[in-house]
Amino acid sequence: MKAIVYHRYGSPDVLKLEEVQKPTPADNQLLIKVYAVSINRSDWEGLTGKPLYARIGGLIKPNNKILGSDIAGIVEAVGKDVKQFKPGDEVFGLMLNYGGGFAEYACTSGKALVLKPADLTFEEAAAIPQAAFIAVQGIREKGQVQPGQKVLINGAGGGTGTFAIQLAKLAGAEVTGVDNAEKLELMQSLGADHVIDYTKEDFTKNGKQYDLILDVIAHRSVFAYKRALGSNGSCFVVGGSLATFFQILLLGPSIRRASGKNIRVLVVQTDPKDLIYMTNLIESGKVVLVIDKRYPFSETAEALRYLGEGHAKGKVVITVG
Ligand SMILES: NC(=O)c1ccc[n+]([C@@H]2O[C@H](COP(=O)([O-])OP(=O)(O)OC[C@H]3O[C@@H](n4cnc5c(N)ncnc54)[C@H](OP(=O)(O)O)[C@@H]3O)[C@@H](O)[C@H]2O)c1
């Protein structure tokens, strides 16, 4: 089968379209013919090896040679222990090790997969999983946003952010979206009440405070988040610099005890019910799925470059099948 492979960390130039062995499903896995896969920042991080946590599967060079975590396709075969899916099912979801999706076929367990609704295309379905898991948990399950609360989403014009703005608005919050100037209009069109261009203003230094901050691209000190949180506010950090993560892990508990402000690294769970929840909102028109660009499989490197260079508004999708 064909796959987009890389053997060392680097720019999109290190990605090559190669012929590799078709994977064989283990007893608890499905073999899926991939029709579409979307690009996530985690792919960019896995490609460049930055931040350092992206090298968890190989410090010097990547062990997993194929990136791609969000897939949609048709089940071709199932291992003997798989009961909930059968060959011919149209499915979509997350590859549990955040890789293997930039390929004509992928093997994964069904734990983060669901059946694809007939009214969504494969491209639309592939654009949902990772961003949906993060947004649903950050805003709804951990964030527990209530009507009237002030919510700030940092990195709100990307994959997770475009869902998170809409979930916070559905919960009745007053929402501030932070991203670059190119994405301010998009954030407003999705319902953001206030928008901030991160190249011009630091949201932790403008004197405003929030009940919930969801940061998908965190690089600040724990004290900056504390300053921007109102009393008993919460800040959940899902991606960003390792220094910020360590500082939060180290100092977050004592800040919580001393001030009641809850600053944590959010470890995202991949429960299929969250994927179904978001998909239902999209199908009912309550949430808009923002797909910025679609690329053919052979141009996967260009698709990653587009996201990595800071242009992607919402999601970028690759058509494989
Ligand atoms: N904790 C967990 O369990 C877990 C699980 C899965 C994924 N993750 C992580 O969660 C993150 C998800 O990101 P995503 O897929 O939503 O990314 P994304 O689609 O790339 O969105 C990130 C947005 O942030 C913007 N941005 C860049 N620098 C910024 C800054 N200094 N201030 C404000 N915004 C900035 C980007 O704009 P530009 O165009 O300007 O760059 C982009 O629009 C990834 O880091 C991923 O590794 C965590």
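One-based numbering, in listed order, for ligands and for the atoms of each. Numbers for residues simply follow the sequence, beginning at 1.
In this comparison of D179, N180, D70, T162, the heavy atom closest to atom 25 (C) of ligand 1 sits on D179. When the heavy atoms of Y198, Y53, F133, W44 are ranked by distance to atom 40 (O) of ligand 1, first place goes to Y198. If you check each of K315, R41, K313 against atom 18 (P) of ligand 1, the one with the closest non-hydrogen atom is R41. Scanning L266, V268, V267 for the heavy atom closest to atom 1 (N) of ligand 1 points to L266. Within the set E309, H219, M187, Q130, the minimum heavy-atom distance to atom 31 (N) of ligand 1 is found for H219.
Any N or O atom pair closer than 3.5 Å counts here, and G159 shares at least one such pair with ligand 1. Considering backbone and side-chain N/O of L307, none are found under 3.5 Å from N/O of ligand 1.
Ring-plane geometry between F203 and Y225 is classed as tilted, the angle between the planes lying from 30 to 60 degrees on a 0 to 90 degree scale. Aromatic ring pairs are classed by plane angle as parallel below 30°, tilted from 30° to 60° and perpendicular above 60°; the pair H311 and Y306 is tilted.
Checked by atom type, the side-chain pair Y35/E90 shows no donor-acceptor distance below 3.5 Å. For Q188 and H194, the side-chain atoms include no donor-acceptor pair closer than 3.5 Å. Residues N40 and D70 bring a donor and an acceptor atom of their side chains to less than 3.5 Å of each other. Checked by atom type, the side-chain pair T108/Q29 shows no donor-acceptor distance below 3.5 Å. In the model, Q130 has a side-chain atom that pairs as donor or acceptor with a side-chain atom of S69 under 3.5 Å.
Here the heavy atom of the protein found nearest to atom 11 (C) of ligand 1 is V216 O, 3.6 Å. N154 OD1, 3.1 Å is the protein heavy atom nearest to atom 33 (C) of ligand 1. With hydrogens left out, the protein atom closest to atom 21 (O) of ligand 1 is G158 CA, 3.4 Å, a heavy atom. The nearest protein atom to atom 46 (C) of ligand 1, hydrogens excluded, is given as E45 OE1, 3.7 Å; this is a heavy-atom distance. Summary of contacts: the protein heavy atom closest to atom 24 (O) of ligand 1 is G155 CA, 3.1 Å.
If you look at V265 next to ligand 1, there are no close heavy atoms at all, none under 4.0 Å. Residue contacts with ligand 1, taken as heavy atom pairs separated by less than 4.0 Å, involve K183 solely via side-chain atoms from C-beta onward.
Residue A131 places no heavy atom under 4.0 Å from ligand 1.
Enclosure of atom CD in Q21 is not indicated, since only 12 or fewer non-hydrogen atoms of other residues, nucleotides or ligands lie within 6.0 angstrom. The number of heavy atoms from other shown groups lying within 6.0 Å of NZ (K150) does not exceed 12.
A donor-acceptor pair under 3.5 Å links the side-chain atoms of K16 to the main chain of D13, judged by distance alone.
Near T160, meaning under 4.0 Å from any of its heavy atoms, are these atoms of ligand 1: 12 (C), 14 (P), 16 (O). Each of the following atoms of ligand 1 lies closer than 4.0 Å to a heavy atom of V238: 1 (N), 2 (C), 4 (C), 8 (N), 9 (C), 10 (O), 48 (C). Listed by atom number, the atoms of ligand 1 under 4.0 Å from G157 heavy atoms are 43 (O). Close approach of ligand 1 to Y98 is summarised as follows: ligand atoms under 4.0 Å from at least one heavy atom of the residue are 5 (C), 6 (C).
Looking at E76 and K22, a side-chain N of the basic residue comes within less than 4.0 Å of a carboxylate O on the acidic one, giving a salt bridge.
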Assess the residue pair D89 and K116 against the criterion (salt bridge (charged side-chain N to carboxylate O under 4.0 Å, His left out)); give the C-alpha distance rounded to whole Å, side-chain angles, the decisive distance to 0.1 Å, and a yes or no.
CA-CA 8 Å; D89 282 348; K116 181 183 84 60; over 6 Å; no
